[in-house]
Undergrad: 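Please read through the structure below; I'll follow up with questions.
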Amino acid sequence: MLVTNPLINNAAAAAVSSTTSLHHNNNNASRGAFIVMEGVDRCGKTTQCGLLLDQLRSDNIPAVAMRFPDRTTAIGAMINQYLTGGTDLDDRAIHLLFTCNGRAIVLGMVQQSDVGLPAPDAVIFLDLSQEEAQQRGGYGEERYETKDLQIRVRQRFQKLQQLDTQVPWHVVSAAQSIEEVQADISKIVEKTMAQAKHKKLGKLWQEGDYVAACMQEKNKNNEEDEDSEKEN
Ligand SMILES: Cc1cn([C@H]2C[C@H](O)[C@@H](COP(=O)(O)OP(=O)(O)O)O2)c(=O)[nH]c1=O
C-alpha cells in the first residue's frame, strides 16, 4: 500500500509478491505520504489497504490506492498470464516486466533497473509465516504461491529490510486479528504522513545504496557457496 502525492503513479517496491498501494494528498500539507505495504502472498495487503483507504476517506483525507502488479495494463496482462501459468518467461524477462509495471522482484543486480524510481516514505511489512499464509483462502492458485518460494520470499524481505538504509521499514505481525493489524497500521500511517510533509520524496536505490547492497549480496552469496561446498 502506498500513500503518496497523486502525481506519482509509478511507485515501486523492491520486493517479490503483489503490492497494494495507496496515494494520499492532503491539501494542508506540502505533500502527501507514499507508503508501501508488503508481505508474502495472502498476508492481508489487499484487505488492510482497503480498510485504511476507507478510514482515511472517512477522516476526509484524500487517498488513492494502487496495486502492483497492475494487471489492467498491457504489460500487466503479460505478467498475469505468466503468474497464472498461461505462459513461460525467462526470470530476467519477467523481472523487467515487473519493473516496467512499477516494481522489482529480487535483490542484487536486478535492483539496477529500479534505481531512481520514487522511494516510499515507509514500508509496512505484514509478516506472516508460510504455514499461516497457506491456511488462508486462495493460496496456491498462482505460480509463486508454492511453499519453498514463499519461504524464500519472506527471507528475502528480511534481507531487503537490512539492506535498505533509505526507507524506514515497519514490521507488523499479520497473524494478529484484522482489527489489531489495522490499529498498528493506522499508527504508522499517521506518523509517516506527519513526517512526509516536511521531507522531499526520495529516489529508490540511489547509487551509493545500490552499490553497497550489491556488495553485501555478493559477499553473502560467496559465503553461502562456500558453506554448501563444505557440506558436499
Ligand atoms: C487480513 C486477513 C485476511 N485473511 C484472508 C482473506 C483472504 O481470503 C486471504 C488473503 O487476504 P488478502 O488481503 O487478499 O491478502 P494479500 O493481498 O496479501 O494476498 O486471507 C485472513 O484469513 N485473515 C486476515 O487477518
Undergrad: Using every non-hydrogen atom in the two residues, find where Leu52 and Ile185 come nearest and quote the distance to one decimal.
TA: CD2-CG2, 4.1 Å

Undergrad: Do Ile178 and Gln48 touch side chain to side chain, with heavy atoms closer than 4.5 Å?
TA: yes

Undergrad: Side-chain contact, heavy-atom cut-off 4.5 Å: Lys199 with Arg31?
TA: yes

Undergrad: Any chance you could measure Asp59, atom CG, to Asp54, atom CG, to the nearest 0.5 Å?
TA: 11.0 Å

Undergrad: Could you go through the side chain to side chain contact (heavy atoms under 4.5 Å, CB included) check for Gln158 and Val171 one step at a time?
TA: CA-CA 10 Å; Gln158 283 157 356; Val171 180; over 6 Å; no

Undergrad: Working to the nearest 0.5 angstrom, can you tell me the gap between Gln161 CD and His170 NE2?
TA: 10.0 Å

Undergrad: Heavy atoms only: give me the nearest Ala65-Cys49 pair and the separation to one decimal.
TA: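 Shortest heavy-atom separation between Ala65 and Cys49 comes out as CB-SG, 4.1 Å.
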
Undergrad: Please report the shortest heavy-atom distance between Val123 and Glu38, naming the atom on each side.
TA: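 Closest approach of Val123 to Glu38: CG1-CB, 4.3 Å.
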
Undergrad: Of all heavy-atom pairs between Val167 and Ala119, which one has the smallest distance, and what is that distance?
TA: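 Closest pair (atom of Val167, atom of Ala119, distance): CG2-CB, 4.2 Å.
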
Undergrad: Side chain to side chain contact (heavy atoms under 4.5 Å, CB included), that's the test. Do Val172 and Glu180 meet it? Break it down for me.
TA: CA-CA 10 Å; Val172 171; Glu180 285 168 330; over 6 Å; no

Undergrad: Report the C-alpha separation of Gln55 and Gln182 in whole Å, then their side-chain angles, then the decisive distance to 0.1 Å, and conclude whether the side chain to side chain contact (heavy atoms under 4.5 Å, CB included) test is met.
TA: CA-CA 10 Å; Gln55 184 196 324; Gln182 191 184 4; 4.1 Å; yes

Undergrad: Are Leu128 and Leu51 connected into the same hydrophobic cluster when the rule is that any two of I, L, V, M, F, W, Y join if their side-chain heavy atoms are below 4.5 Å apart?
TA: no

Undergrad: When rounded to the nearest 0.5 angstrom, what distance separates OH in Tyr82 from CG in Asp90?
TA: 9.0 Å

Undergrad: Closest heavy-atom contact between Asp70 and Thr73?
TA: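 Heavy atoms of Asp70 and Thr73 come nearest at O-OG1, 3.4 Å.
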
Undergrad: Are Arg154 and Glu132 close enough for a salt bridge, meaning some N to O gap below 4.0 Å?
TA: no

Undergrad: Between Asp41 and Arg136, does any side-chain N to carboxylate O distance fall below 4.0 Å?
TA: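 Salt bridge between Asp41 and Arg136, a charged N being under 4.0 Å from a carboxylate O: no.
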
Undergrad: Starting from the C-alpha separation in whole Å, work towards a yes-or-no answer on side chain to side chain contact (heavy atoms under 4.5 Å, CB included) for Ile124 and Val189.
TA: CA-CA 9 Å; Ile124 299 175; Val189 169; 4.1 Å; yes

Undergrad: Main chain of Leu126, side chain of Lys45: is a donor-acceptor contact present, judged purely on distance under 3.5 Å?
TA: no

Undergrad: How many angstroms lie between atom CD of Gln130 and atom CD of Gln135, to the nearest 0.5 angstrom?
TA: 9.5 Å

Undergrad: Got a second to check how far Arg143's CZ is from Thr87's OG1, nearest 0.5 Å?
TA: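 Going from CZ on Arg143 over to OG1 on Thr87, the span is 6.5 Å.
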
Undergrad: Tell me the closest heavy-atom pair linking Ser173 and Val181, and the distance in Å.
TA: O-CG2, 3.5 Å

Undergrad: With clusters defined by side-chain heavy atoms of hydrophobic residues (ILVMFWY) lying less than 4.5 Å apart, directly or transitively, does Ile151 cluster with Leu149?
TA: no

Undergrad: Could you tell me whether Lys191 and Asp121 have a side-chain N and a carboxylate O separated by less than 4.0 Å?
TA: no

Undergrad: Quick one: CZ on Arg71 to CG on Leu83, what's the gap to the nearest 0.5 Å?
TA: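 Result: 5.0 Å between the selected atoms.
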
Undergrad: Are the side chains of Ile61 and Met193 in contact, using a 4.5 Å heavy-atom criterion?
TA: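 Yes, at least one pair of side-chain atoms sits under 4.5 Å.
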
